[in-house]
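Note sheet for the following structure.
Since the structure is predicted, the reported quantities are computational estimates derived from the model, not experimental observations.
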Amino acid sequence: MKLSVLDLVPVVEGGTVGQALAEAALLAQVAERCGYQRYWVAEHHGMEGIAGAAVAVTLAHVGHHTSTIRLGAGGIMLPNHNPLVIAEQFGTLDALYPGRIDLGLGRAPGADQRIVRALRKEVNRAAEDFPQDVVELQAQFAGDRQVPLQATPGAGAKPQLWILGSSLFGAQLAAALGLPYAFASHFAPDHLDAALSLYRDRFQPSDALAKPYVMAAINAIAADTDEEAALLASSMDQSFVRLRSGNPGKLPPPVPGYRDTLPAPALAMLEHMRQVSAIGSVATVRQRLAAFQRRTRADELIVSGSTFDPALRRRSLELTMQAAESLAEPA
């Protein structure tokens, strides 16, 4: 089972952005040592609890502290940007860390409607232009002379392009362009099965990819016991409920029995969103990773999850990889 890491670069209560970025490098080092395929950072804006808004800068920092693991955007929200600028940023990363850069592309804004005003862009129109912007990025990296202004760095760079999605739109686009596809089932599980089926059914081979390649996201927190893992996961549970309640903030410390304190509607929302999860001991995580892989037939899983104590997140990555590796051992 191939595993990768999605990091939100969380800022904990009482912590700073600088500390969060330092911890991101340490997390990537552990992921590299344990054999994870990729370390990805997602673009989010206007959230004091997330330090990775400048994705390319964050990846450059992490790349300096690692040597082999692939580094990528999971993803860049392309409607927020001009394709030329993204070609320059990821062309630079490819020059710094050749053969290690992924560029996952999504069409969501990565924030609420305030981002529309802050960017001074017609983001809804930009979302409609998303397929054309992806093709323009491909042309920039290919050094296509029909592009009016060539990206430098960018032309000739070879980051691996991915399409991200949480609905059927991204699946259709990834299939049409013959690109690998990553589904955000860790927070948007509703269309998972339909999207993967559509992607595989409609996939068109390309120079980039001969056959479909799927990565599916899952929340994963591993600890010595199920009870400890549930306690650690209560930090991200609180964070999500606060976000959906319009009161986002930094990552809070764990709270014993947190879910028991929630009103029924909030608990139902949380359990629905977290239904794609592997939270528990190594044995529990092993069982849930295996079940999710059987369900999705994914070529790769990407694990997401944050803990208040960064050292316990690093330990969780180690235990999660133990769980995955034990799946390949003879019974």
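Hydrophobic clustering of Ile, Leu, Val, Met, Phe, Trp and Tyr side chains at less than 4.5 Å, counting indirect connections, keeps L312 apart from L251. Hydrophobic clustering (ILVMFWY, side-chain heavy atoms < 4.5 Å, transitive): V285 and I279 are in distinct clusters. Linking Ile, Leu, Val, Met, Phe, Trp and Tyr whenever their side-chain heavy atoms come within less than 4.5 Å puts Y213 and V5 in one cluster. Under the 4.5 Å side-chain heavy-atom criterion for grouping Ile, Leu, Val, Met, Phe, Trp and Tyr, V255 is not connected to I221 through any hydrophobic cluster. In terms of hydrophobic clustering, with Ile, Leu, Val, Met, Phe, Trp and Tyr side chains grouped at heavy-atom distances under 4.5 Å, F240 and F308 are assigned to different clusters.
Two residues are said to be in side-chain contact when any heavy atoms from C-beta on lie closer than 4.5 Å; F203 and Y181 fail this criterion. At least one side-chain heavy atom of L3 sits less than 4.5 Å from a side-chain heavy atom of M321. For the pair H186/V276, no side-chain contact is recorded, criterion being any heavy-atom separation below 4.5 Å from C-beta on. Annotation: side chain of L84 is not in contact with side chain of V147 (no heavy-atom distance under 4.5 Å). Here the side chains of L317 and V303 are in contact, with some heavy-atom distance below 4.5 Å. Contact check for L209 versus S206: side-chain heavy atoms found under the 4.5 Å cut-off. A heavy-atom distance below 4.5 Å is found between the side chains of P256 and L231. Counting only heavy atoms from C-beta outward, the side chains of S185 and F292 approach each other to under 4.5 Å.
Note that OH of Y199 and CG of L168 are 14.5 Å apart. Values are rounded to the nearest 0.5 Å. Atom CD of Q293 sits about 8.5 Å away from atom CG of D299, to the nearest 0.5 Å. Interatomic distance, L270 CG to Y258 OH, rounded to the nearest 0.5 Å: 7.0 Å. Separation of atoms NE2 (H81) and CD1 (I76) is listed at 5.0 Å; rounding is to 0.5 Å. How far OG1 of T92 is from CG of L59: 12.0 Å, rounded to the nearest 0.5 Å. Put simply, CG on L232 and OG on S306 are 11.5 Å apart, with the number rounded to the nearest 0.5 Å.
Scanning both residues, S166 and A184, for their nearest heavy atoms gives CB-CB, 4.3 Å. V282 and Q322 get closest at one heavy-atom pair: CG2-OE1, 4.3 Å. Looking at every heavy atom in both residues, G106 comes nearest to P79 through O-CD, 3.4 Å. What you find for A42 and G74 is that their closest heavy atoms are CB-O, 3.3 Å. Of all heavy-atom pairs spanning H191 and F183, the tightest one is C-CZ, 3.6 Å. Shortest non-hydrogen contact noted between M1 and L301 is SD-CD1, 3.7 Å.
Checked by atom type and distance alone, the side chain of Q140 pairs as donor or acceptor with a backbone atom of A151 at under 3.5 Å. Side-chain atoms of E136 never come within 3.5 Å of backbone atoms of N82 as a donor-acceptor pair (strictly under, hydrogens ignored). Judged purely by atom type and a 3.5 angstrom limit, Q275 uses its side chain to pair as donor or acceptor with the backbone of H272. Side-chain atoms of Y36 never come within 3.5 Å of backbone atoms of R70 as a donor-acceptor pair (strictly under, hydrogens ignored). Under the 3.5 Å distance criterion, the side-chain polar atoms of R288 are left unmatched by any main-chain donor or acceptor of S277. The backbone N or O of D224 sits nowhere less than 3.5 Å from a side-chain atom of S281 that would complete a donor-acceptor pair. Between the side chain of D7 and the backbone N or O of V41, no donor-acceptor pair lies under 3.5 Å.
Atom CG of D201 has more than 12 heavy atoms from other residues, nucleotides or ligands within 6.0 Å. In H65, the NE2 atom is crowded: over 12 heavy atoms of neighbouring residues, nucleotides or ligands sit closer than 6.0 Å. Counting heavy-atom neighbours within 6.0 Å of E300 CD, excluding the residue itself, gives a total above 12.
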Query - Candidate pair L173 and R107, rule side-chain contact (heavy atoms from CB on, under 4.5 Å), full reasoning - result: CA-CA 11 Å; L173 182 61; R107 66 170 184 152; over 6 Å; no
Requested in this report: Any chance you could lay out the side-chain contact (heavy atoms from CB on, under 4.5 Å) test for R274 and M236, step after step, and finish with the verdict?
Outcome: CA-CA 10 Å; R274 294 286 190 215; M236 62 179 187; 3.6 Å; yes
Report task. Please lay out, stage by stage, how L137 and L103 fare under the test side-chain contact (heavy atoms from CB on, under 4.5 Å). Result -> CA-CA 10 Å; L137 261 180; L103 175 50; 4.1 Å; yes
Query raised in the report: Does the side-chain contact (heavy atoms from CB on, under 4.5 Å) test come out yes or no for V214 and R200, once each step is laid out?
Result: CA-CA 9 Å; V214 165; R200 291 178 173 123; 3.8 Å; yes
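Side-chain contact check for S4 and Q37: no donor-acceptor pair (N or O, by modelled atom type) lies under 3.5 Å. If you check the side chains of T66 and R100, you find a donor sitting under 3.5 Å from an acceptor.
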Cut-off 3.5 Å, no hydrogens considered: what does the side-chain donor-acceptor table look like for residues 154-161, sequence neighbours left out?
unit_1, atom_1, unit_2, atom_2, d
Q160, OE1, R38, NH1, 3.2
Q160, OE1, W162, NE1, 2.7

Compile the donor-acceptor pairs under 3.5 Å between side chains in residues 8-28 and protein atoms, sequence neighbours left out, one pair per line.
unit_1, atom_1, unit_2, atom_2, d
E13, OE2, R242, NH1, 3.1
T16, OG1, Q19, N, 3.1
Q19, OE1, T16, N, 3.0
E23, OE1, R314, NH1, 2.6

